[in-house]
Each structure stands twice: as structure tokens, then as C-alpha cells.
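Right, one structure below, let's go through it.
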Amino acid sequence: MNDFKSGFVTVVGKTNVGKSSIINKLVGEKIAAIANKPQTTRTRIRGIINRPNSQIIIMDTPGLHKSKSKLGNMMNENAISSIPDVDVVLYVIDASDKSIDEKILGKIKESKKKTILIINKIDLVDAKKVAELINKYKELYDFTAIIPVSVKKEKNVEEIVKEIESNLKEGPAYYDTEEYTDQTLRQLAEETIREKALKLLQDEVPHGILVEVTKMKSRKTKEMEKIYDIDATIFCLRESHKGIIIGKDGNMLKKIGTYAREDLENMLNNKVNLKLWVKVKKDWINDMSIVKKFKADE
């Protein structure tokens with residue numbers, strides 16, 4: 001039997017390169033919100049990959065972007081500050097993106113951490129383009145490995161775990177092997193509701209959404225079935241946004257609630273009674289009493 005290994009890994013990259021999708025695939029459970037919108041991830045989210053001879057604690061971080069608010073500044077800080085504290089860095093890029101993020105690369109060079117370059121979305125480009133990217137990035141940094149992948153097509157994803165594992169040292173399991181995230185059920189519920197809103201709403205609304213679960217209790221029905229009662233409020237920045245979130249005759253809010261409830265029932269393996277409200281909280285993205293809640297734990 002091999003000696004047991006463990007370690008911490010952070011996943012960094014620009015917005016929308018597929019970091020959350022990669023983590024969900026590696027963990028085998030949905031722990032991070034996925035939407036085809038920038039800035040979907042706001043804070044560090046830990047996933048736990050349990051394998052026969054290793055435990056990998058992998059962190060999803062917000063994508064780096066040009067910040068226009070205190071929330072944006074906090075998200076960028078969460079992403080960059082994770083690099084020095086881990087054993088391995090996964091640097092994810094989009095195969096169809098020609099630009100290089102000098103800020104992330106600079107932080108990786110400064111940290112001198114073992115870094116695996118993940119070229120995601122290779123299904124969108126031809127093999128020649130992938131080869132060019134590999135050569136280009138080889139000149140920029142001495143990466144531990146470069147792995148071209150397609151999460152959508154499930155190509156080479158397993159290679160990522162194998163490569164991480166080979167670069168870890170012997171160590172204990174930090175979490176119970178039954179666990180797959182350090183998020184609470186309440187946090188998972190908030191992420192799930194926000195993800196559905198992100199996917200369904202117009203572009204200008206999602207960045208100003210904050211979801212707060214105000215009640216989460218389990219009870220037994222008359223038929224003695226377990227059911228979760230979840231009450232949540234979706235906060236937005238403007239009255240006009242509130243109208244869009246609710247939708248005509250409440251249809252948009254119903255749709256968000258239905259999709260979120262289905263996901264939560266699968267996640268909790270129980271029936272869910274979900275109630276949603278929408279309220280305006282003007283300029284909350286610049287309110288430090290709220291924004292500081294998104295600061296990643298050191």
C-alpha cells in the first residue's frame with residue numbers, strides 16, 4: 001500500500017474559464033455555482049477530493065476582473081491571496097483566449113509554487129492552436145505540467161487529479177472521507193439559489209444579487225417523510241431589478257425557485273419546501289459590513 005498523501009490546491013484564472021466546472025467534476029459533487037456569467041464565484045469555496053491513497057482539499061476562487069466596487073476588490077483579493085498558502089496551484093486558461101493575465105502569472109512566479117497549467121475548452125479550438133498555447137506558456141513559466149482538457153467533453157479531467165496527487169507530500173486526512181465540502185448546508189442553499197438566478201436573469205441584474213437564507217429547518221410530514229423548510233431572500237440593487245427578478249405575474253421568481261428546489265432536493269436527498277422573497281438593498285456591493293462576509297478565511 002502506498003503512503004497516504006494530502007494537501008491544499010487552489011484554482012486560479014480569469015472569470016469564465018471553467019474553474020468551478022473543473023472543481024465540481026473533480027470532487028464528484030456540485031459545490032460551486034456554475035453560470036455562463038463573469039464573477040459567479042465570490043469567495044473561496046473548498047471541495048474535498050477523497051481517493052484511496054490521498055485527500056486533496058481544492059479551493060475555487062473568484063475569477064480576476066476589473067473591479068468597480070468594494071465587493072469586486074474583495075473577490076480579486078480572495079483569488080490572489082490563496083496562492084502562497086497552498087501546495088499546488090492549478091492555473092486555468094481558456095483555449096480560445098489569446099490574452100495572458102500578467103497579474104496571476106506574476107503572483108505564481110513570485111510564489112514559486114508548483115503550478116499545473118490547465119488549458120480548458122480545447123473542444124472549441126483545433127489541435128494546432130492547443131500546441132501553440134502549450135509552447136507559448138512553456139516560455140512564460142516552468143510549469144510542473146501542462147494539461148489540455150475539456151470538462152464539457154470529459155477529456156483528460158482524471159489526469160488533473162493524478163498530476164496533483166503526484167505532487168503532494170505524505171500527510172493526514174484533514175476531513176472525514178464522507179465529506180466533500182466545508183460549506184454549511186445554508187451556504188450550499190444560498191449558492192444554489194444564486195446560481196439559478198444567474199442563469200435565468202438578464203446580464204445587468206446578476207452582479208447585484210445577494211442571497212440570504214433566513215430559515216433552514218428539517219421536519220417530518222404527516223406521512224413521516226423528512227422535509228426541509230428553507231426561506232431565502234434575494235437582495236438586489238434597484239427597484240427595476242426587483243421587478244425583473246419577480247417577473248410578470250411572479251413567473252421568473254417561480255422559475256428560479258423551482259430549479260433551485262430541484263437541485264436542493266437532489267443535494268439533500270430529501271423533499272424541500274422553498275420560499276423566496278425579493279428585496280432592494282441599495283449599493284450593498286460597497287457596504288463593507290456586508291462585503292467583509294465574503295472575505296476568505298486565512
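Predicted model, so just to flag it, every value in this text is computed and none were measured.
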Close side-chain approach of Leu90 and Ile58, heavy atoms under 4.5 Å:
yes

With a 3.5 Å distance limit and no angle check, can you tell me whether Thr181 reaches the backbone of Arg46 through a side-chain donor-acceptor pair?
yes

Tyr91 side chain reached by Leu105 side chain, heavy atoms, under 4.5 Å:
yes

Side-chain contact, heavy-atom cut-off 4.5 Å: Asp101 with Ile93?
no

Are Ile57 and Gln55 packed together at the side-chain level, in the sense that at least one heavy-atom pair is separated by less than 4.5 angstrom?
yes

Which residue pairs pass the side chain to side chain donor-acceptor pair (under 3.5 Å) test when at least one of the two sits in residues 134-151, sequence neighbours left out?
Asp123-Ser150

Using modelled atom types only, decide if a donor and an acceptor are shared between the side chain of Asp87 and the backbone of Leu168 within a distance under 3.5 Å.
no

Quick check: do Leu200 and Met252 have side-chain heavy atoms less than 4.5 Å from each other?
yes

Would you say the side-chain atoms of Glu262 and Asn266 include a donor-acceptor pair closer than 3.5 Å?
no

Compute whether any side-chain donor of one residue and acceptor of the other, for Thr10 and Lys113, lie under 3.5 angstrom apart.
no

Quick one: side-chain contact (heavy atoms from CB on, under 4.5 Å) partners of Lys25, sequence neighbours excluded?
Val151, Glu154, Val157

Begin with the C-alpha distance, continue with both residues' side-chain angles, and end with the deciding distance and a verdict on salt bridge (Lys or Arg N to Asp or Glu O under 4.0 Å) for Lys271 and Glu225.
CA-CA 8 Å; Lys271 289 284 184 189; Glu225 265 191 308; over 6 Å; no

Going by heavy atoms in the side chains, are Asn273 and Arg219 under 4.5 Å from each other?
yes

Do Ile256 and Ile245 touch side chain to side chain, with heavy atoms closer than 4.5 Å?
yes

Is any side-chain heavy atom of Ile116 closer than 4.5 Å to a side-chain heavy atom of Val9?
no

